Structure formats: structure tokens, C-alpha cells
There are 2 protein chains.
Amino acid sequence: MVTIRDVASAAGVSPSTVSRCFTQPEIVEAATRERVLRMATHLDYRPNRAARGLITGRTGNIGLLLPDLANPFFPSIVKGIQHQAHLSEYQVFVVDTDEDPAVELGLVRSLAKQVDGMILCSPRMRPAELAEAATVSPTVLLHRRAGGLPSVGIGNADAMRQAIDHLAALGHDRVGFVSGPRRSWSGRQRVAGIRKAAAAHGITLEEIGHFAPTFEGGSAAAQGVLLSGVTAVVAYNDLIALGLLNALRDRGVDVPRDLSIIGVDDISVSAMVRPALTTLSVPKEESGREAVDLLLQVLAHPGARNPPAETLPCRLTVRQTTAPPNQRAATRTTA
Amino acid sequence: MVTIRDVASAAGVSPSTVSRCFTQPEIVEAATRERVLRMATHLDYRPNRAARGLITGRTGNIGLLLPDLANPFFPSIVKGIQHQAHLSEYQVFVVDTDEDPAVELGLVRSLAKQVDGMILCSPRMRPAELAEAATVSPTVLLHRRAGGLPSVGIGNADAMRQAIDHLAALGHDRVGFVSGPRRSWSGRQRVAGIRKAAAAHGITLEEIGHFAPTFEGGSAAAQGVLLSGVTAVVAYNDLIALGLLNALRDRGVDVPRDLSIIGVDDISVSAMVRPALTTLSVPKEESGREAVDLLLQVLAHPGARNPPAETLPCRLTVRQTTAPPNQRAATRTTA
DNA sequence: CTGGGCTCTGCAAACGGTTTCATACTCCTC
DNA sequence: GAGGAGTATGAAACCGTTTGCAGAGCCCAG
């Protein structure tokens, strides 16, 4: 392994000078600098980041905590985060919590020493734990907002408004919301948003259960949806919507004729199924990139007073799972 | 930040003793050890891994290179790898190459210093580059085999045999194979395997193009498949199969009546679409776990002469996209 | 010619651990 | 009671880098 000393002796200077050539090139004489850099590339020298980190206190790594890589929503975010992080020479530690809130804080702690900061994506932990996590390591929240921590979120309430506007325009007046995990902050935002939007349109809202944010969770929701007598549902996320869509079809329910379905996230699968899912498109990669930018900004100005809380807009993508209500089916199910 | 010296003075011993309590507990006297460990937990001391790595040469990290996180095949592997790595207190650096072979080697080099070893998942680079990567850092190949490097793979040829057996049993005698990336080693294995299996059954094999291993790639393959006059196709992977399935439906082709489709991977989406995709189930998480085990084994015995090359079996999962050939449709398309 | 200020470079001390080597102590045997 | 083996601990060197401080050399003004 080639060290800074090898480069130094090869270039006939001291290690300090070599170091300066990399960290503050302008203060070393041009001729010297050029000679050093030439030897460095010639020897294929790369600074040992662990050694550098030991003294600077910076690791060049950022940590990313997320609930479940198996949900295609998150890999998109990872891609955005990685791309942006690599632009600034940062590496990313990815940690999957398997939707278990109990392990989140522990993972943050165990990762803290090895990263300069963390991005907590859709964390399920409680606000107090979140505050504690933030003391352990500089933290940016992604798809969550809490206690004045810097965060990147999406316009959940506005998204729900768009969904309800769309359903109202189609003529629905009895709509369901299929909830995801009880601990999901986004979920609570969405419920609040859809309540308000439904009220504004005079639409009756049925809130249906809490389900795992997975395809299976959506299947499990089918019975409750059918019993509720609604003509349209908005689901917590696309996976639930897809599971629901499938379970309904297996029971002979025609989507969108008998029931309209709207998801949230716009994961790639949603465009692959038939009928293709109408959904609220969330800017996934972009939100990941923004989170990195925000974190780097926080790292650069540790004492900033007002940590920014960004909100990115969602956009309704109308595909094939929404249509005007089927009067006959509606009256049948409500009967 | 609490250091080893803090623990040492709190416990009334030297830093050396504290260090030994963690690295080789058996050589320090029981009473002393207990006192030290009690102080350590009390102060919430955690060894600085960068500092430790500086002297031991071990980082406690492993690197994972993969082509595209957006393909649901890979997140499953990541989960398996992470889970197994965390059991041995290793962290995982994940790097996505966006299917670009040109950047792979560079990423390996830039990551090398920060990891103890790397898992290269479905790398697209050439054997010579692979050999070079292996000199840079201890390497395990996942879903690829090359030049005696330790590897974990799947039984591609056997998988193709199962697919052809299934299609032959249904009565197909003219089958297509839709190829993925030209640089994919698995792809070449599968072509070779399916050629042999088809020959054994007296089945005519049509090899159709090279396509991106994505949903869009599958859509693009539709025309070629229709022109080929086959009654069944096996696709390089599930995403291509799904794209194909969709594009065919949009052209009015009924799957499986007019055409049978078999994918490879068994990604979660394949069970979510209708008709659900018949596919070769690859043990994704398991292969990830095996790769970690293998890498740790390599790290523990650096001089081992015969690096193991494991092969995990695939299993055909029959769903709804395979059926006996439709005689009329077949003659129509071959006309 | 002297002295003050600049610019560039080297020395040496960190950073937080691990590990080699030496030392002090205990215990046992002859 | 002396000597040797064995055990538990501490002192110090080291890993590869950054950085505060000092010093060398130079230029220019007085």
C-alpha cells in the first residue's frame, strides 16, 4: 500500500507538503505541487480516508436508514442519494430496518461513529427518539418532519387534495382511505389531508384499517374495502393499492368499473400492471438528492439556526384504475 | 466523544488493558475485565473503527457493487447481504453502476481502501478487469464465475433445462430466448443452457436480439418475438418478460393462449401482475448471504488455495403465463 | 546594510486505537 | 531460600494523515 511518505520521498519533499498539495493546493509553490501530484498519480496514491478521518473527524461517509428495500419506493431514493453523494465524494452506508421501529435507534447509534451524518428515510421512531438520534449524529429527515430537524418532505396534504379533486370530478361521493403502518408519519399526514379534502367536497370518507405497507397488506385490506361500501379508495401507498387491486380482481370485482383505486408513490411496478395504477407521483430520486444537499449544507454550517424544511410537490398520474362510479355496484355494496 | 483513555482512567487501568478486554478478553484477569467492561458500558464507549482499522488494517466494511438497484432483483440480494454482514458486525457500502461496465473498475478502486473485501454482483466487466479488481481487494463474485475467483452462482443451465422441460411437456416445439445485455455472463450461460436443453428435446430455438434488462427492454423485444413465429419464449429476466407481456397485450396477443412466457429471477412483481408470470425462482437473499459467508471465509484464510465456487439451484415456479401452444395462432404468425 | 514581512516548507504532535516488549508479581520446585 | 516459569499489566511504538508552529530564504524599504 502506497502511503503519503512514499509520495513524499519520491518527490523529495516532506509528508506535510504532500498533504497540503491535496488539502490546500494554493499554498504550495506551483513547481513543487506539480511534481508532487505527478508522483502521486504515478504511484497511484490515494489518501487513506480512515487515517484522515481520525484527525479531521470526518469520515466522508453518510448513513442512510430506511424501512424496507423490498418496497421499490426506497431503491429509487437510494439511487438519488447515492448519485448526489458521489458527486461530493461521499460514500453511503445503507441500512434496512425491516419496518421495525425498535431497531432504528440502535442502528443509528452503531453507525454514528462511521458517518458524518445520517439521512433517516421515513423513520418510524417516536419524536423523542428522533431527537435523540439527532444528538448522536447530524441528521436530515426524509419523508418525515419532526421537532425542527432539517427535513425533505412531500406535499402530502396537497397530494390528497389532488386525489379527492380527481375522484370528485368523476362523481364519487363515498371514498375510502386504506391506512398503512400506524407509526407512519406520512400516513397520518395523508389521513389528515384527505379528511380535509373530502370535507371540502362534501365527500363521505371511510378510513379502513391499518395494514402493512406491502402487497400482502393490500390483499388483506380487500374485505374491509368491500364491506365499507365505497366506490373509490385511496391507498397509503402503491404496494397496498396493487395488493388490493389484485385481491379484488380475484373476487370478481372490476377495477375501475366497480371500484376506483388511487395509490401513492408511483413505483415502477404501478405502470407495469394492467389496469395500470392511477397514483400520486412522488419525486423519489429528487427527494433523495435534496436530502443529500441538505445534509451537506448542515455539515458545512453546523451552527445554523433555522434548519430548512423543504417540501416537494406530488403530481397525480392518471392511468387506468379510476373511472366514474358504477351506480349499480355502489348501491349493491351499500345495500 | 469517549475514548479508550477515558475508560482506562475511569477503571484505573492503562489503555492497553481496556483494549485487550475487547480484543482478547481471556487474557485479562476476570475482576479487572469485569470492572473495565462495566465502566465501558457505563460511559457508552464504542471503539472508533477508523482508529482500529488504521492499525489492524481491517475496516469492518464490505463493498457491494451491483448493476441497477431499480431492478427489484438486486434489492433482495442487498437485503440478504446486509443481514448476513450485520451478524458479523460488518457494514455494507452499496454502489450502483447503472449498468455501465466502464465505471465498474473505477468504483472498485475507489472503494478498495475503505473495505476489507468486495462482493461483485453480476459484474459486466471483462475477465481481465475482474482479475485486476481481485488484486485490488479480496473479491467474491455473485452471479458470475470467472478465472478461479471465489463465487456464488446459480444453476443457469439447469434452470433452462427446467424451463424447456416444462414447455416441451406442454407441447411447444418452437421456442424463443430473449437475450439481455451482451456483457452479461449469466446471459451467456443461459443461452448455452437453453441451446443444449432445446436440442435434447428436438425443439427449434430462436435467439432474439439483445435488450436492456428492463421493462422497456422487454417492450422493445415484442416485435422481434412476434416475427420469430415461436409459441413460447424464455426471457433473460423477469423485467424483460414483464415488458414483453405488456407490449404483447397492447397488441392484442393473448398470453398464455397465443404465446407462453417464462422469466428468470422471480422478482416480487412477477406475482403481482395478471397473468402472473411463470418464472425460474432464483434464491436471491440466500445467494447474498452465501456471498457474505464466502467473503468472510476468504478474509479469514487469505492464503486458501482452492477458492470455493458455490452453485445454488433454481426452481421453476409455474404461474399463469404458460400453456399449451395455440395451433391457429402459431400457424398464423409463421405464415 | 539591517530589519521586517512574506512565502514556502519541515518538524513534531496529535487523532484513537492495537500490539510488542518489558516488568512486576505470584507461585512452585529443588 | 533462590531461581525459573508463568501470568497480568503498563510503557511506548506504530498505523497514515493533518496541522500548529517555527524556521529558512527572499524581497524590499529605510
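Remember, predicted model here, so these are calculated numbers, not experimental data. Convention: sequence-line order gives letters A, B, ...; per-chain numbering from 1.
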Novice: Quick one: A/Arg20 CZ to D/dG16 C1', roughly how many Å, whole number?
Specialist: 16 Å

Novice: Hey, does the side chain of A/Thr17 come within less than 4.0 Å of C/dC8's phosphate (OP1/OP2), counting only N and O?
Specialist: no

Novice: Which comes earlier along DNA chain D counting from the 5' end, the contact point of B/Arg35 or that of B/Ile55, where each point is its nearest nucleotide?
Specialist: B/Arg35

Novice: Using whole Å, report how far CZ of B/Arg33 lies from P of D/dA8.
Specialist: 9 Å

Novice: Taking the side chain of A/Asn48 as its heavy atoms from C-beta onward, which of C/dC11, C/dT18, D/dT17 lies nearest to it?
Specialist: D/dT17

Novice: Counting the atoms with a prime plus P, OP1 and OP2 as sugar-phosphate, which does A/Val18 contact under 4.0 Å by heavy atoms, base, sugar-phosphate, or nothing?
Specialist: nothing

Novice: Do B/His143 and B/Phe73 make the cut of ring centroids closer than 6.0 angstrom?
Specialist: yes

Novice: Rounded to the Å, how far apart are A/Arg52 CZ and C/dG17 P?
Specialist: 21 Å

Novice: Could you check which of D/dT9, C/dG17, C/dT9 has an atom nearest any side-chain atom of A/Thr32?
Specialist: C/dT9

Novice: Looking at every strand, decide which applies to A/Arg5 at a 4.0 Å heavy-atom threshold: base, sugar-phosphate, or nothing.
Specialist: base

Novice: Please confirm whether any donor atom in the side chain of B/Arg46 sits under 3.5 Å from an acceptor in the base of C/dG16, or the reverse.
Specialist: no

Novice: Please state whether the phosphate of C/dG16, meaning OP1 or OP2, lies under 4.0 angstrom from any side-chain nitrogen or oxygen of B/Thr3.
Specialist: no

Novice: Let me know the distance between CD1 of A/Ile4 and P of D/dG16, rounded to the nearest Å.
Specialist: 11 Å

Novice: Rounded off to whole Å, could you give me the CD-to-P distance for the B/Glu34 and D/dA8 pair?
Specialist: 16 Å

Novice: Measure up the A/Phe93 and B/Phe93 rings against each other and bin them: parallel (under 30°), tilted (30 to 60°), perpendicular (over 60°).
Specialist: parallel

Novice: Look at the side chain of A/Ser16 and the base of D/dT19, then say whether one donor and one acceptor between them are separated by less than 3.5 Å.
Specialist: yes

Novice: Grab the CZ-C1' distance between B/Phe22 and C/dG17 for me, whole Å please.
Specialist: 12 Å

Novice: In a check of side-chain contact (heavy atoms from CB on, under 4.5 Å) between B/Leu66 and each of B/Ile77, B/Ile81, B/Thr97, B/Val78, which one passes?
Specialist: B/Val78

Novice: Would you call A/Glu132-A/Arg109 a salt bridge at under 4.0 Å N-O?
Specialist: yes

Novice: Figure out the CD1/P separation between A/Ile27 and D/dC21, and round it to whole Å.
Specialist: 14 Å

Novice: Give me the distances for all protein-to-nucleotides 23-28 of chain D N/O pairs that come in under 3.5 Å?
Specialist:
none

Novice: Which residue in the set A/Leu120, A/Leu149, A/Leu295, A/Val292 passes side-chain contact (heavy atoms from CB on, under 4.5 Å) when paired with A/Val140?
Specialist: A/Leu295

Novice: Check whether any side-chain nitrogen or oxygen of B/Ser19 sits under 4.0 Å from OP1 or OP2 of C/dT18, and answer yes or no.
Specialist: yes

Novice: Scan for side-chain hydrogen bond (donor to acceptor under 3.5 Å, both in side chains) pairs involving residues 65-82 of chain A, sequence neighbours excluded, and state none if there are none.
Specialist: A/Asp68-B/Lys79, A/Lys79-B/Asp68, A/Lys79-B/Asp96, A/Lys79-B/Asp98

Novice: Taking side chain as C-beta onward, heavy atoms only, is B/Val115 less than 4.5 Å from B/Ser137?
Specialist: yes

Novice: For the side chain of A/Ala51, counting heavy atoms from C-beta on, which of D/dT17, D/dT9, D/dC15 is nearest?
Specialist: D/dT17

Novice: Between the side chains of B/Arg145 and B/Thr311, does any donor sit under 3.5 Å from an acceptor?
Specialist: yes

Novice: A/Tyr45 side chain N/O closer than 4.0 Å to the phosphate oxygens (OP1, OP2) of D/dG16?
Specialist: no

Novice: If I take atom CE in residue A/Met1 and atom P in nucleotide D/dC15, what distance separates them, rounded to the nearest angstrom?
Specialist: 11 Å

